[in-house]
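The structure displayed is predicted, hence computed values, not measured ones. In what follows, every heavy atom counts, from backbone to side chain, and hydrogens, waters and symmetry copies are set aside.
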Amino acid sequence: MSTVTFGVTPGFGEKLHDALGYSGAVRVGDRVETSGQAGVDDDLVIPDSLEDEIVQAFDNVERTLATVGATWKDVIHVNSYHKVAPGDDVIGDDHNKVMAEQFRRRLDGRAPIWTETGVTVLGLAAMRVEIRVTAIVGSGN
């Protein structure tokens, strides 16, 4: 039987766990799943700049993975959710450019599968992006 370990990210993750009752990550054996990570600081404040928000979301994925012994280099699948205006038919280059830069910076040449979805609302009114990942611990070595 596999061991199940839940991770709660210090700071923002503890606040969300206390308020809403969920964990940021779960590890079952070597497989890790994260909940969607927003680009918030530890006080749940979202940066004004979209680029800063996306970078913060990537940082928060990294912090959350660490709670269960994983890193970005272990990531095999990314789901990202991007706020678009009702009626928009594409996620803009302003999102894609920063996402691609962060993949290159954090994954050292690894190219996980990626599903990108446009949505009209996210968990907090000011959020423009949310990222969740699947990782296999040790697969990025």
Side-chain angles (χ1 to χ4, degrees), residues 2-141:
S2 294
T3 301
V4 176
T5 305
F6 290 96
V8 176
T9 311
F12 72 88
E14 293 166 325
K15 287 181 176 152
L16 293 170
H17 179 270
D18 292 346
L20 301 173
Y22 73 93
S23 298
V26 62
R27 179 173 174 169
V28 181
D30 289 338
R31 185 182 181 93
V32 173
E33 300 283 347
T34 69
S35 62
Q37 300 299 307
V40 296
D41 66 14
D42 285 338
D43 294 318
L44 303 177
V45 174
I46 298 164
D48 291 333
S49 152
L50 173 63
E51 180 174 359
D52 290 346
E53 181 180 352
I54 293 172
V55 170
Q56 184 67 56
F58 271 80
D59 288 345
N60 290 344
V61 168
E62 185 171 309
R63 291 174 62 192
T64 300
L65 287 167
T67 68
V68 291
T71 71
W72 265 106
K73 291 184 178 150
D74 298 315
V75 170
I76 62 168
H77 182 197
V78 176
N79 285 93
S80 62
Y81 305 91
H82 303 265
K83 188 181 252 182
V84 296
D88 279 1
D89 60 0
V90 69
I91 296 166
D93 286 339
D94 52 345
H95 287 254
N96 289 328
K97 177 181 168 274
V98 181
M99 293 291 294
E101 287 171 356
Q102 291 302 303
F103 284 150
R104 289 184 184 103
R105 180 174 159 254
R106 295 170 192 264
L107 293 163
D108 196 29
R110 185 175 187 136
I113 60 174
W114 177 26
T115 301
E116 183 181 37
T117 304
V119 298
T120 56
V121 296
L122 290 163
L124 298 172
M127 284 173 61
R128 293 162 288 189
V129 68
E130 187 169 357
I131 302 169
R132 69 151 313 279
V133 303
T134 301
I136 305 296
V137 176
S139 66
N141 296 331

Under 3.5 Å, side chain of [X] to main-chain N/O of [Y], donor-acceptor pair present?
{"X": "Asp41", "Y": "Asp43", "value": "yes"}
{"X": "Asp74", "Y": "Gly138", "value": "yes"}
{"X": "Thr64", "Y": "Thr9", "value": "no"}

If we only count heavy atoms from C-beta on, is the [X] to [Y] side-chain gap below 4.5 Å?
{"X": "Pro10", "Y": "Asp42", "value": "no"}
{"X": "Thr67", "Y": "Val8", "value": "no"}
{"X": "Gln56", "Y": "Ile46", "value": "no"}
{"X": "Val75", "Y": "Trp72", "value": "yes"}
{"X": "Val98", "Y": "Leu50", "value": "no"}

Working to the nearest 0.5 Å, report the span between [atom1] of [X] and [atom2] of [Y].
{"X": "Thr115", "Y": "Asn79", "atom1": "OG1", "atom2": "CG", "result": "5.0 Å"}
{"X": "Gln37", "Y": "Asp59", "atom1": "CD", "atom2": "CG", "result": "11.5 Å"}
{"X": "Glu53", "Y": "Glu130", "atom1": "CD", "atom2": "CD", "result": "10.0 Å"}
{"X": "Asn60", "Y": "Ser35", "atom1": "CG", "atom2": "OG", "result": "10.5 Å"}
{"X": "Asp88", "Y": "Lys83", "atom1": "CG", "atom2": "NZ", "result": "12.5 Å"}
{"X": "Met99", "Y": "Ile131", "atom1": "CE", "atom2": "CD1", "result": "4.0 Å"}

ask   = Where do Thr117 and Ile91 come nearest, in terms of heavy atoms and distance?
value =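 That closest heavy-atom pairing would be C-CD1, 3.6 Å.
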### Message
Tell me the closest heavy-atom pair linking Arg110 and Ile76, and the distance in Å.
### Response
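The pair with the smallest heavy-atom distance is NH2-CG2, 3.2 Å.
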- Message: When you compare the side chains of Glu33 and Thr134, does any donor N or O come within less than 3.5 Å of an acceptor on the partner?
- Response: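 Yes - a donor-acceptor pair under 3.5 Å links their side chains.
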#### Entry: Crowding at NZ, Lys73 (>12 non-hydrogen neighbours, <6.0 Å)
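Count not over threshold, so no.
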By the definition side-chain hydrogen bond (donor to acceptor under 3.5 Å, both in side chains), identify the one residue from Arg104, Lys97, Arg105 that meets it with Glu101.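 Going through the options one by one, the only one that passes is Lys97.
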Indicate every side-chain donor-acceptor pair of residues 18-28 with a distance under 3.5 Å to a residue at least two apart or in another chain.
from  : atom 1 : to    : atom 2 : distance (Å)
Arg27 : NE     : Gly29 : O      : 2.8
Arg27 : NH1    : Val68 : O      : 2.9
Arg27 : NH2    : Asp30 : OD1    : 3.4

Inset, instruction - Quick one: list whatever passes ring-ring contact (aromatic ring centres under 6.0 Å, His included) with Tyr81, sequence neighbours left out. - result: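 Listed in chain order: nothing, the list is empty.
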